[in-house]
Amino acid sequence: MSALQAQAIGTRRLDLLPLGVEHAEEMAAVLSDPALHTFTGGTPDTPHALRSRYRRLAAGSPDPAVSWLNWVIRLRDVSCLTGTVQATVSPSDYGPIAEIAWVVGTPWQGRGIAGEAARGLVAWLTRQPVHTVIAHIHPDHRASAAVATAAGLTPTGEWHEGEIRWRRGPGR
């Protein structure tokens, strides 16, 4: 499998734009609420820290068999960034597998943005040579479980570092 590149993805209300260093300033404000780290740990990044992180992400994985794909979520009607979605695509014995994640800033939660972005991401991945999509979700994070369900993933009962593995595989 050759490395995949993030491409712009459009949904009904959203533009998923390939993440760039130029998004760091606005995204630092979007992601500034410490409550966003309740289930994942850590603290909000400063604009400087996000610029450094986004620079590393944009450089891509050091493993040529792994693709790091990252997007910012832009709410089209107000032209503002609201969060991110990401996929790490790796080889497996059964074909390429994508591990996905998402985060939407607190002011934009509860509007279906994460679900719409995740559905758009999964639809894009299934048009690539990706046959399985997984996410890891904290068992108490009902909002993320709803997003995973909206994206067509189902819980597997498998645990990974304190989180439940959700999966969408071939034929689903």
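All values below were derived from every heavy atom in this structure, side-chain atoms included, with hydrogens, water molecules and symmetry-related copies excluded.
- Remark: D63 CG to S90 OG distance equals 7.5 Å, nearest 0.5 Å.
- L121 and I97 fall into different hydrophobic clusters, where Ile, Leu, Val, Met, Phe, Trp and Tyr are joined by side-chain heavy atoms under 4.5 Å apart, directly or via other members.
- Follow the hydrophobic side-chain contacts under 4.5 Å out from Y94 and you never reach V66; the two are in separate clusters.
- With rounding to the nearest 0.5 Å, the separation of CG in L16 from CG in N70 is 12.0 Å.
- Summarising the geometry of I164 relative to T156, their closest heavy-atom pair is CG2-N, 4.5 Å, with the distance given to 0.1 Å.
- A distance of 9.0 Å separates OG1 of T106 from CG of L31, quoted to the nearest 0.5 Å.
- The shortest side-chain heavy-atom distance between V130 and L4 falls under the 4.5 Å cut-off.
- Residues M27 and Y54 share a closest heavy-atom pair of CB-OH, 3.4 Å.
- Looking at heavy atoms from C-beta onward, I134 lies out of side-chain contact with W166 at the 4.5 angstrom threshold.
- The environment of H48 atom NE2 is sparse: at most 12 non-hydrogen atoms of other residues, nucleotides or ligands sit within 6.0 angstrom.
- In this structure, T132 OG1 and L153 CG are separated by 10.0 Å, a value rounded to the nearest 0.5 Å.
- Using modelled atom types, no side-chain atom of D15 and backbone atom of L17 make a donor-acceptor pair closer than 3.5 Å.
- A 4.5 Å side-chain heavy-atom check between L125 and I100 finds at least one atom pair inside the cut-off.
- Contact annotation: the side chain of T82 never approaches that of R111 to less than 4.5 Å [non-hydrogen atoms, C-beta and beyond].
- Listed for the H37 side chain is no donor-acceptor partner under 3.5 Å among the backbone atoms of P34.
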| Under the side chain to side chain contact (heavy atoms under 4.5 Å, CB included) criterion, do E116 and R13 qualify, and how do the steps go? | CA-CA 8 Å; E116 185 174 335; R13 300 178 298 156; 2.7 Å; yes
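- When all heavy atoms of L36 and G105 are compared, the pair lying nearest together is CD1-CA, 4.2 Å.
- Annotation: side chain of E99 is not in contact with side chain of Q86 (no heavy-atom distance under 4.5 Å).
- In terms of hydrophobic clustering, with Ile, Leu, Val, Met, Phe, Trp and Tyr side chains grouped at heavy-atom distances under 4.5 Å, L19 and W108 are assigned to a common cluster.
- Atom OG1 of T46 and atom CD of E25 lie 9.5 Å apart (nearest 0.5 Å).
- Residue L81 comes nearest to R74 through the heavy atom pair CD2-CB, 3.9 Å, listed as atom of the first residue, atom of the second, then distance.
- Using a 4.5 Å heavy-atom cutoff, the side chains of W124 and L69 are in contact.
- Closest non-hydrogen pair, G120 versus I9, comes out as O-CG2, 3.9 Å.
- In this structure, P18 and A6 approach most closely via the heavy-atom pair CG-O, 3.6 Å.
- Considering T11, T84, V104 as possible partners of I73, the one that fulfils the side-chain contact (heavy atoms from CB on, under 4.5 Å) test is V104.
- We find the CZ-NE2 distance between R165 and H136 to be 3.5 Å, quoted to the nearest 0.5 Å.
- Open room surrounds CZ on R53; 12 or fewer heavy atoms of other groups in view lie less than 6.0 Å from it.
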